[in-house]
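What follows is a single structure, written as structure tokens, with notes after it.
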Amino acid sequence: MSQVKTSPEVTYNAPHSEGTGRIWKTFWVLSALTVVELGLGYFLFLKGTSISPSLILTTKIVIGILTLLKAYYIVSVFMHLGDEVRNLIMTITVPLVLFVWFVIAFLWDGDSWKNMRKDNAAPTKIEQHSVSAPAH
Amino acid sequence: MATAAVIPANVRWWNGGKSPFNASYGKVMMWYFLMSDAFTFGAFLISYGTIRFSQTSWPDPNVVFQSAPGIHGGAPLVFVSIMTFILIFSSVTMVLAVHEGHHMNKKGVEKYMWLTVIGGLMFLGCQAWEWHHLLTGSNAVLVNNPLTNTFSIESWAQTTTKNPWGPAIQDATQIKAAFANSKMENIIELLTNLHGSTHFNEDQLNKLSKPELIDLAVKNIHHVSTPGAIAFGGYFYGITGFHGFHVLSGVVINIVLLIKTKLGHFDQRGHYEMIEKGGLYWHFVDLVWVFVFLCFYLV
């Protein structure tokens, strides 16, 4: 089983390891990251009403970073992109850098809409509904 | 990475006669398709984020997704973590199938493709349960009748046009007054579908007078909300549905690959690269779920 069999279009075969150790190691890394994410999710669920908004935001950003780490492991190891030649890696990953700006620009825009909505909101708020609704 | 060690430094990749990406045409095109699909999912999720950021209130995922088969409420993140681990595990079996394919081990490929197909079907079953649970749910919502400017309480499920998870009503007297205005069938529906230890029988409830029903409702229905942002349902069913459709097509592709393996097509061809290409698609489905999990369930 020394020879790795691939398409004849491939010039050089990457040295795929004989064992499956790297796959299982990645599985445990992904599971551990997911468990940490769930732990932070439960932290938000249990303490969400008593901690400061900035701590909530920080926790959510940490969860987001852990998600990006999971994405890196899936793409690099499971999809073997880390084993491809640099040309192929770059042609896939460089266009995806656009997402950095997409996320910043659109969430910024959404937040701006919310602020305009708040500025223009009618004086009646949901809490004030309690004065109406008499029993007929 | 490891590749750099085996490829000589002076290879002229772009001089013709060989693939400049050291990969077959089909595999490169699968990568480009997945990149475009990543932009599609990214656009959906960023659109969802934009609308969510533009609202003054948004449903709390720990309230929306707090049930699992046999658990009526109070267990956020339980069911979705099961779904996540199913998908991670089916990704592992897929990559093991690719590994067996590299070594031309037909039996190994068959075994792991079977496990991957089963994992995909399990995930789809979970999603079907979750959609059914949300679409047939019963939630007490304070609704304003603009003609009479009176408030009553209705029983709402989560659909693409109705979101029962707006800001909660705390005022008990307001809730009581609204129950007095509500239709009896709404109160009966809410009471019969109540989560928790108390259960009501619909036939017995039908025999009660309206004041008795209102009394029962006030005592047992404690969570009353105003209508929430309508966009939530469209984004949730749209994005998880689009992802679920990818899972479904991935399962179909994997079944086709399993049949072709059994028929010995890849042995005749001399390599199992089709398993690798199907695997790329399957891992991408897992990759997207990682982000759907983040955007809808965790934050």
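Numbered from 1 within each chain, the chains take letters A, B, ... in sequence-line order.
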Can you give the donor-acceptor pairs under 3.5 Å from side chains of residues 27-46 of chain A to other protein atoms, not counting sequence neighbours?
unit_1: A:S31; atom_1: OG; unit_2: A:F27; atom_2: O; d: 2.9
unit_1: A:T34; atom_1: OG1; unit_2: A:L30; atom_2: O; d: 2.8
unit_1: A:T34; atom_1: OG1; unit_2: A:K70; atom_2: NZ; d: 3.2
unit_1: A:E37; atom_1: OE1; unit_2: A:K70; atom_2: NZ; d: 3.1
unit_1: A:E37; atom_1: OE2; unit_2: A:T67; atom_2: N; d: 3.2
unit_1: A:E37; atom_1: OE2; unit_2: A:T67; atom_2: OG1; d: 2.7
unit_1: A:Y42; atom_1: OH; unit_2: B:P76; atom_2: O; d: 2.6

Just so I understand: if I count every heavy-atom pair under 4.5 Å between each of [options] and chain A, which residue has the most?
options: B:G26, B:A38, B:S19; answer: B:A38
options: B:G166, B:S24, B:G49, B:P20; answer: B:S24
options: B:G279, B:S47, B:S54; answer: B:S54
options: B:K176, B:Q170, B:M104, B:R269; answer: B:M104

Contacts table for residues 285-299 of chain B: side-chain donor-acceptor under 3.5 angstrom, sequence neighbours left out:
unit_1: B:D286; atom_1: OD2; unit_2: B:S91; atom_2: OG; d: 3.1
unit_1: B:W289; atom_1: NE1; unit_2: B:T84; atom_2: OG1; d: 3.1
unit_1: B:Y297; atom_1: OH; unit_2: B:E130; atom_2: OE1; d: 2.8

- Task: List for me each residue that meets side chain to side chain contact (heavy atoms under 4.5 Å, CB included) alongside A:S52, sequence neighbours excluded, and say none if there are none.
- Result: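 A:S52: side chain to side chain contact (heavy atoms under 4.5 Å, CB included) contacts with A:S54, A:L55.
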- Derivation and outcome, side-chain contact (heavy atoms from CB on, under 4.5 Å), residues A:L88 and B:N22: CA-CA 8 Å; A:L88 181 54; B:N22 195 40; over 6 Å; no
- If you look at every heavy atom in A:F78 and B:V95, which pair is closest and at what distance?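 A:F78 and B:V95 have their closest heavy atoms at O-CG2, 3.7 Å.
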- Query: Looking only at heavy atoms, what is the nearest atom pair of A:S7 and B:E273, with distance?
  - Reply: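 In this case the closest contact between A:S7 and B:E273 is CB-OE2, 3.2 Å.
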Taking C-beta and beyond as the side chain, do [X] and [Y] meet within less than 4.5 Å on heavy atoms?
X: A:F102; Y: B:T50; answer: no
X: B:K27; Y: A:E84; answer: yes
X: A:T91; Y: B:W31; answer: no

Name the region of [X], side chain, backbone, both or neither, that has any atom closer than 4.5 Å to a heavy atom of chain B.
X: A:W108; value: neither
X: A:L107; value: both
X: A:L98; value: side chain

- Contact part of B:L34 toward chain A, heavy-atom cut-off under 4.5 Å: side chain, backbone, both or neither?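 Only the side chain of B:L34 comes within 4.5 Å of chain A.
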- Message: Please classify the contact between B:W13 and chain A as side chain, backbone, both or neither, with a heavy-atom cut-off of under 4.5 Å.
- Response: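 B:W13 touches chain A through side-chain heavy atoms alone.
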- Item | Residues of residues 55-66 of chain B with any heavy atom under 4.5 Å of a heavy atom in chain A |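 B:Q55, B:T56, B:N62 fall under the 4.5 Å cut-off.
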